[in-house]
Protein chains: 2
Amino acid sequence: MIETLVSAPDPADVLRVDLCAIIVAVTDGTPRILTIESAESDPIASRALRALPWGPLDPRTDRTLERTLRSWVARQSRLALGYVEQLYTFDEGRAGEGLRRISVAYLALMQEQTIPQAGAGWQDVYHFFPWEDWREGRPELIDRCLLPGLTHWLGALGDPLQAERERERVEIYFGLDGAPWVPERVLERYELLYQAALVPEAGAQADSVLGLSMAFNHRRVLATALARLRGKIKYRPVVFELLPPRFTLWQLQQVAEALTGMSLHKQNFRRLVEQGGLVASTGEFAYDTGGRPAQLFRFRRRVLRERPAPGVGLPGGFRDS
Amino acid sequence: MIETLVSAPDPADVLRVDLCAIIVAVTDGTPRILTIESAESDPIASRALRALPWGPLDPRTDRTLERTLRSWVARQSRLALGYVEQLYTFDEGRAGEGLRRISVAYLALMQEQTIPQAGAGWQDVYHFFPWEDWREGRPELIDRCLLPGLTHWLGALGDPLQAERERERVEIYFGLDGAPWVPERVLERYELLYQAALVPEAGAQADSVLGLSMAFNHRRVLATALARLRGKIKYRPVVFELLPPRFTLWQLQQVAEALTGMSLHKQNFRRLVEQGGLVASTGEFAYDTGGRPAQLFRFRRRVLRERPAPGVGLPGGFRDS
DNA sequence: TCAAAAGTGTTATCCTTACACCCATGT
DNA sequence: ACATGGGTGTAAGGATAACACTTTTGA
């Protein structure tokens, strides 16, 4: 009632909370996320930018954050989400108009479905982070593009003490000089590249050999999600959210490999998973495997009671063949 | 300028974001958090409730979330925080007056300091969760109070199917019927007890043999923090944030035990920590140990480069003596 | 001398790793 | 026949768990 009488509030007083969803699926060994076309298009290239499904939280709507998110996603892409967990809350600072924004990101796992909505679609995660996919061995892009860029950045730093600290970060996070490559350090690597201005957020000409860009800070959000997923897969049975109820061990392995970005030793993977009690055979078989028919397994719920941290371990041994 | 002219906005339109801090320290084997007296006191008992340091985010203040938090804490308790990480974002729903609230919680680790501020002080974490401290063996309170309460709740559930599901949760989370006790399931246990109405949030008469109460949902926030900490200690060197720069292995073990709530096997703990490369001897000794002088160690930063997940493992073997 | 805590050594056991090899199906 | 993927067995190596035992201080 009074609303119509007052003039618009000072933008500096307004605090907006947005929700956004990283919806992940793995199909045929490709990890993908759902993107939509951002309403706010690229000012320079004047084309729509890829964005994560998102929307503002309306304080009038009396729902929980998670329910609001689900309804946003349903409206934007006609998807009913299953497994959802809160990921992180990002401070977006003050946007152009002086509006202060906070965004709460959620991670959702599902099986890929076709999206009827125009503009929405599934994108290969590694198109955004090509250096994170080590399934075919160490990506040559690291030596060809990343390290030269990082070295140049290090060289341009004024303070030699800071340069030394930053060099250590580069070595640790990118697995140089004897340090191991640690798949779950996705965010640390992204932030390093961002600091070095190699992966601009939401800029024009941001698509490059160093990956596709996204609207806002959504590429950073995605990096956070991949890091969480790579970590969590090892101690929680999240992989099964990405698989049908019955699956072959090879399918399971492909999902694990897709997420971690590493090739795993087949026999050992199978044993870990079976002996770990993570799966149980159903007695059924899949005949469309291209070779000998494979047993179909299901997730063995009882493992939750038996083991403190049931997940698919990332054994040291990758690179099967 | 216009502010003074317009009437107050409809509370239903207002969205407030609060920040709150769980500040943890461990001294002499006791894990403690910093609490303040809540401004809003208990309506029934008419005494001040314990609360976590918190404050609203002012959209005019152009800072990041974390910086805002630090300044709030400094104002309320004169503490300068060191290590800080974001914990979780809670939906507080709609408070009495129709105001919608979101709160972003942060976890901070430090060494205990005396707080000059009146009302502020350090509280033993296990006073809030007495069932979580297994250092002296399985707390008898579990069998005496918790399980009877939970069993009664299960019995009162209408739907037998739901009762079966809930019984399984009880068994898994409280380590019954062959299931192991998993220290990091703090939140799951709290939520179960909350559902069973055994640990009311922010109510009168909430202090009981089942632990002290806190204002708002702060006890739930604390449960989230303890869960995070118990999990993280195993793959990140967070313990060292709670210790002075030089420490004895026994101090280190006490901190690890305090957080996990389990007694650890002394010799094996020492070996894991030393062989794991987590610490390095300084050559100095502490003579005030009550027995033979102990070597002083320091955190060995280089382990960050050598090991993917450097933390103090929780070996299966607890209960030293 | 005794209590208390630090520190060393050893062995059995289990898990991981890395091999090598066999099986069943479609083309 | 052979390519492809499914599936089994085993032995070496390393980490963990559970012991027992010695050393050094203060009271």
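This structure is a prediction, so every number in the text was calculated from the model and none was measured. Sequence lines set the chain letters: A, B, ... in the order given, protein chains first and strands last, and positions in each chain run from 1.
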Any residue meeting ring-ring contact (aromatic ring centres under 6.0 Å, His included) with [X], in chain and number order, not counting sequence neighbours:
X	value
A/Trp122	none
B/Tyr235	none
A/Tyr126	none
B/Phe247	B/Phe240

Atom pairs under 3.5 Å, N or O on each side, protein against nucleotides 10-14 of chain D: can you list them with distances?
residue	atom	partner	partner atom	Å
D/dT10	O4	A/Arg271	NH1	3.4

Q) For DNA chain C, which residues in residues 294-306 of chain B have a heavy atom at a distance below 4.0 Å? A)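 Contacting residues: B/Ala294, B/Gln295.
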(Q) Tell me which residues in residues 276-286 of chain B lie within less than 4.0 Å of DNA chain D, going by non-hydrogen atoms. (A)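 Those residues whose heavy atoms fall under 4.0 Å from DNA chain D, taken from residues 276-286 of chain B, amount to none.
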Below 3.5 Å between N/O atoms, which protein atoms pair up with nucleotides 20-22 of chain C? Just atom names and distances, please.
residue	atom	partner	partner atom	Å
C/dA20	N6	A/Gln267	NE2	3.3

Q | With sequence neighbours excluded, residues passing side chain to side chain contact (heavy atoms under 4.5 Å, CB included) with A/Gln254 | A |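 With neighbours one apart ignored, the set is A/Trp250.
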**Q.** Set of residues satisfying side chain to side chain contact (heavy atoms under 4.5 Å, CB included) with respect to A/Tyr83, sequence neighbours excluded
**A.**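 Applying side chain to side chain contact (heavy atoms under 4.5 Å, CB included) to A/Tyr83 gives A/Glu85, A/Leu109, A/Lys232, A/Val238, A/Glu241.
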Expressed in angstrom and rounded to an integer, what is the separation of [X] atom [atom1] from [N] atom [atom2]?
X	N	atom1	atom2	result
A/Leu264	C/dT17	CG	P	11 Å
B/His265	D/dC19	NE2	P	8 Å
A/Phe247	D/dG6	CZ	C1'	16 Å
A/Leu252	D/dG5	CG	P	17 Å
A/Gln253	D/dG6	CD	C1'	12 Å
B/Leu272	D/dA17	CG	C1'	10 Å
B/Phe269	C/dA5	CZ	P	16 Å
B/Trp250	C/dA4	CH2	P	13 Å

Q. When only distance counts, do a donor and an acceptor, one from the side chain of B/Lys266 and one from the base of C/dA6, lie under 3.5 Å apart?
A.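 Counting by modelled atom types and ignoring angles, a donor-acceptor contact under 3.5 Å is found here.
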Q.
Between A/Ile33 and A/Leu222, does the side chain to side chain contact (heavy atoms under 4.5 Å, CB included) criterion hold? Intermediate values first, please.
A. CA-CA 9 Å; A/Ile33 53 159; A/Leu222 178 55; 3.7 Å; yes
Q) Do the ring planes of B/Trp131 and B/Phe129 sit parallel (below 30°), tilted (30 to 60°) or perpendicular (above 60°)? A)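 Plane angle over 60°, so perpendicular.
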Q.
With salt bridge (charged side-chain N to carboxylate O under 4.0 Å, His left out) as the criterion, how do A/Glu140 and A/Arg144 come out once you've worked through the C-alpha distance, each side chain's angles and the decisive distance to 0.1 Å?
A. CA-CA 6 Å; A/Glu140 43 122 38; A/Arg144 210 185 59 231; 2.4 Å; yes
(Q) Tell me which pairs pass side chain to side chain donor-acceptor pair (under 3.5 Å) where either residue lies in residues 294-309 of chain A, with sequence neighbours left out. (A)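 Qualifying pairs, neighbours excluded: A/Ser281-A/Gln295, A/Arg300-A/Glu306, A/Arg301-B/Glu168, A/Arg305-B/Glu171, A/Arg305-B/Asp177.
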Q | Atom of A/Pro183, atom of A/Met262 and distance for their closest heavy-atom approach | A |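 A/Pro183 and A/Met262 have their closest heavy atoms at CG-SD, 3.8 Å.
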Q) Testing B/Arg230, B/Arg228, B/Lys234 for salt bridge (charged side-chain N to carboxylate O under 4.0 Å, His left out) with B/Glu184, which one passes? A)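 Between B/Glu184 and the candidates, salt bridge (charged side-chain N to carboxylate O under 4.0 Å, His left out) is satisfied uniquely by B/Lys234.
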Q.
Please compare B/Gly290 and A/Gly290 by the position of their nearest nucleotide in DNA chain D and report the one closer to 5'.
A.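 It is A/Gly290 whose nearest nucleotide is closer to the 5' end.
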(Q) I want to confirm an ordering. Mapping A/Thr289 and A/Glu274 to their closest nucleotides on DNA chain D, which one lands closer to the 5' end? (A)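 Its nearest nucleotide lies further toward 5', so the answer is A/Thr289.
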Q: Check step by step if side chain to side chain contact (heavy atoms under 4.5 Å, CB included) holds for A/Ile172 and A/Glu188.
A: CA-CA 10 Å; A/Ile172 292 177; A/Glu188 288 87 338; over 6 Å; no
Q. Which sits closer to the 5' end of DNA chain C, B/Leu249 or A/Gly291, going by the nucleotide each is nearest to?
A.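 The residue closer to the strand's 5' end, by nearest nucleotide, is B/Leu249.
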Q: Provide the full list of salt bridge (charged side-chain N to carboxylate O under 4.0 Å, His left out) pairs with a residue in residues 282-293 of chain B, sequence neighbours left out, each pair given once.
A: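 Residue pairs with at least one partner in residues 282-293 of chain B: B/Arg246-B/Glu284.
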